[in-house]
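Contents: one structure, followed by commentary.
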2 protein chains.
Amino acid sequence: MDRVKKILLEHEVVPSIHRMLILQALMNSCSHPSADEIYRALLNQIPTLSKTTVYNTLKTFEEKGIIESFSIMNNEVRYELQPHPHAHFKCKLCGTIYDIYGSFDCLRDKIVEGHKVQEQHINLIGICAACQKKDKNDA
Amino acid sequence: MDRVKKILLEHEVVPSIHRMLILQALMNSCSHPSADEIYRALLNQIPTLSKTTVYNTLKTFEEKGIIESFSIMNNEVRYELQPHPHAHFKCKLCGTIYDIYGSFDCLRDKIVEGHKVQEQHINLIGICAACQKKDKNDA
DNA sequence: TTTCAATTTGTAATCATTACAAAATTAAAT
DNA sequence: ATTTAATTTTGTAATGATTACAAATTGAAA
Ligand SMILES: [Mn+2]
Ligand SMILES: [Mn+2]
Ligand SMILES: [Zn+2]
Ligand SMILES: [Zn+2]
C-alpha cells in the first residue's frame with residue numbers, strides 16, 4: 001500500500017483513499033480490466049464508490065502517465081500499468097487479452113513518414129492457444 | 001458502377017441499389033469513413049436511406065470479406081476496402097487517419113505464442129506532418 | 001471553527017451501435 | 001397479371017460505455 005502511495009506522489013497525484021485502492025486494484029490485476037470491472041471489484045471495499053469516480057480517476061492516472069489505456073475490438077477501454085511496450089492478443093472465443101512481448105519495432109517518439117508518433121497500439125485478434133485445445137478435445 | 005456490381009457478385013452479395021451505392025462511396029473515399037459519414041454522404045442520392053441499412057450493409061460486406069473495419073482511439077468504427085496490409089496513423093489534432101505502408105510484420109494466419117492470429121491492427125497516434133508545420137507557422 | 005479547494009457522488013445526457021418488427025421491394029410460381 | 005415467399009430496407013426503441021454537470025462530502029489550512 002505504501003508502494004501505491006509512492007507512485008501517486010511521484011506523479012503529482014494526491015493519494016486519496018479511492019485513488020490508492022483503484023491503483024492497487026489495477027496493479028493486482030493482470031487482466032487489463034475495464035472501468036466497470038475495476039468498479040465492481042472495489043464495491044466490496046468501498047460500498048459508496050461511484051462509477052464516475054472510477055472514470056475520473058483512470059483519466060487522471062492516464063494524464064499523469066501512471067497508466068495506459070487501449071481498446072481492442074472497439075468495445076470498452078481497458079487499462080494497465082505501463083511495463084515494457086508490448087502488443088495485445090484478444091481471443092475471439094473466450095475474450096481473454098494476452099500480452100505479447102515479441103520483437104515489435106517500438107515507434108514511440110519516432111517520426112514515421114513525417115508524422116510524430118506518441119502512441120503505438122498493436123492489436124492481434126484470433127483464437128488463443130487454450131481455446132484451440134478445447135476445440136480439438138470437443139471434436 | 002459495373003465494377004462495384006462485379007465485386008458484390010464475386011462475394012455472393014446481391015447487388016441491390018443501396019449496396020452498390022454504399023460500396024461505391026467506400027471506394028471513392030480514401031478517408032476511412034465511419035458508418036455515419038457514409039450515411040451522410042449518401043443522403044443526397046438516397047433521401048430515404050436509413051442508418052440501420054448502412055450498419056447492416058457494412059456488416060454484410062465485412063462478413064463477406066469485401067471490406068475491413070478497424071477502430072482507433074475507441075471512437076467510432078471505420079471502414080475501408082482491403083488493399084495490402086498496412087498500419088494507421090491518427091493525428092490527435094486534426095483527426096486525419098493516414099495509411100502507413102511501412103515494413104511491418106504481417107502476422108495474419110501466423111501462430112504467435114501459440115495463438116492463431118486472424119486479424120492484425122497497428123495503430124499509431126500522434127501529430128501529423130501537416131499539423132506540425134501549422135504549429136511552427138503559428139509560433 | 002471557519003473557509004476554501006479538491007474530491008467524490010448521483011443523475012441525466014450523449015453517442016455509436018444493435019434489436020426488432022413493420023413496410024417495401026424483388027423475383028419466382030401460379 | 002396475381003399471388004407468394006424471401007430478401008431488403010426502414011423507423012423506432014433499447015443498449016451500453018462514457019461524459020457532463022451540479023450537489024454533497026471531505027480534508028487541510030487559516
Ligand atoms: Mn498488456
Ligand atoms: Mn487504411
Ligand atoms: Zn480463448
Ligand atoms: Zn493533423
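Here is how names work: the chains are called A, B, and so on, in the same order as the sequence lines, proteins then strands, and each is numbered from 1. Computed over heavy atoms, backbone and side chain alike; hydrogens, waters and symmetry mates excluded.
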D/dT10 phosphate, OP1 or OP2, under 4.0 Å from B/Thr48 side-chain N/O =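 For D/dT10, OP1 or OP2 has a side-chain N or O of B/Thr48 closer than 4.0 Å.
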
Under 4.0 Å: is that the gap between some side-chain N or O of B/His18 and OP1 or OP2 of C/dT25?
->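 For B/His18, the contact criterion (side-chain N or O under 4.0 Å from OP1 or OP2 of C/dT25) is not met.
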
Interatomic distance, [X] [atom1] vs [N] [atom2] [rounded to whole Å]:
X	N	atom1	atom2	value
B/Asn56	C/dT18	CG	C1'	9 Å
B/Met73	C/dA16	CE	P	15 Å
B/Glu12	D/dT7	CD	C1'	16 Å
A/Ile22	C/dT8	CD1	P	8 Å
A/Lys51	C/dG10	NZ	P	12 Å
A/Met20	C/dT8	CE	P	10 Å
A/Glu63	C/dT7	CD	P	12 Å
A/Lys59	C/dT7	NZ	P	15 Å

What is the nucleic acid contact for A/Thr53, judged by heavy atoms within less than 4.0 Å: base, sugar-phosphate only, or nothing?
->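 Since a base atom lies under 4.0 Å of A/Thr53, the category is base.
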
What nucleic acid atoms does B/Ser34 come within less than 4.0 Å of, heavy atoms only: base, sugar-phosphate, or nothing?
->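 If one applies the 4.0 Å heavy-atom cut-off, B/Ser34 turns out to touch nothing in the nucleic acid.
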
Can you find a donor-acceptor N/O pair under 3.5 angstrom joining the side chain of B/Thr52 to the base of D/dT12?
->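 Such a pair exists between side chain and base.
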
If you measure from [atom1] on [X] to [atom2] on [Y], what distance do you get to the nearest 0.5 Å?
X	Y	atom1	atom2	value
A/Thr60	A/Ile22	OG1	CD1	9.5 Å
A/Met73	B/Ser69	CE	OG	7.5 Å
A/Glu76	A/Asp36	CD	CG	8.0 Å
A/Leu23	A/Ile38	CG	CD1	9.5 Å

Does B/Ile46 or A/Tyr55 map to a spot on DNA chain D nearer the 5' end, using the closest nucleotide for each?
->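 The residue mapped nearer the 5' terminus is B/Ile46.
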
Nearest-nucleotide comparison on DNA chain D, the residue closer to the 5′ end among B/Ser16 and B/Asn74 =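 Its nearest nucleotide being more 5', the pick is B/Ser16.
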
Would you mind telling me which of [options] lies closest to the side-chain atoms of [X]?
X	options	value
B/Ser50	D/dT8, D/dT10, C/dT8	D/dT10
A/Arg19	C/dT7, D/dT9, D/dT8	C/dT7
B/Glu76	C/dT17, D/dT18, D/dT10	C/dT17

Assess the pair B/His88 and B/His86: is the distance between their ring centroids shorter than 6.0 Å?
->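 Ring centres of B/His86 and B/His88 closer than 6.0 Å.
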
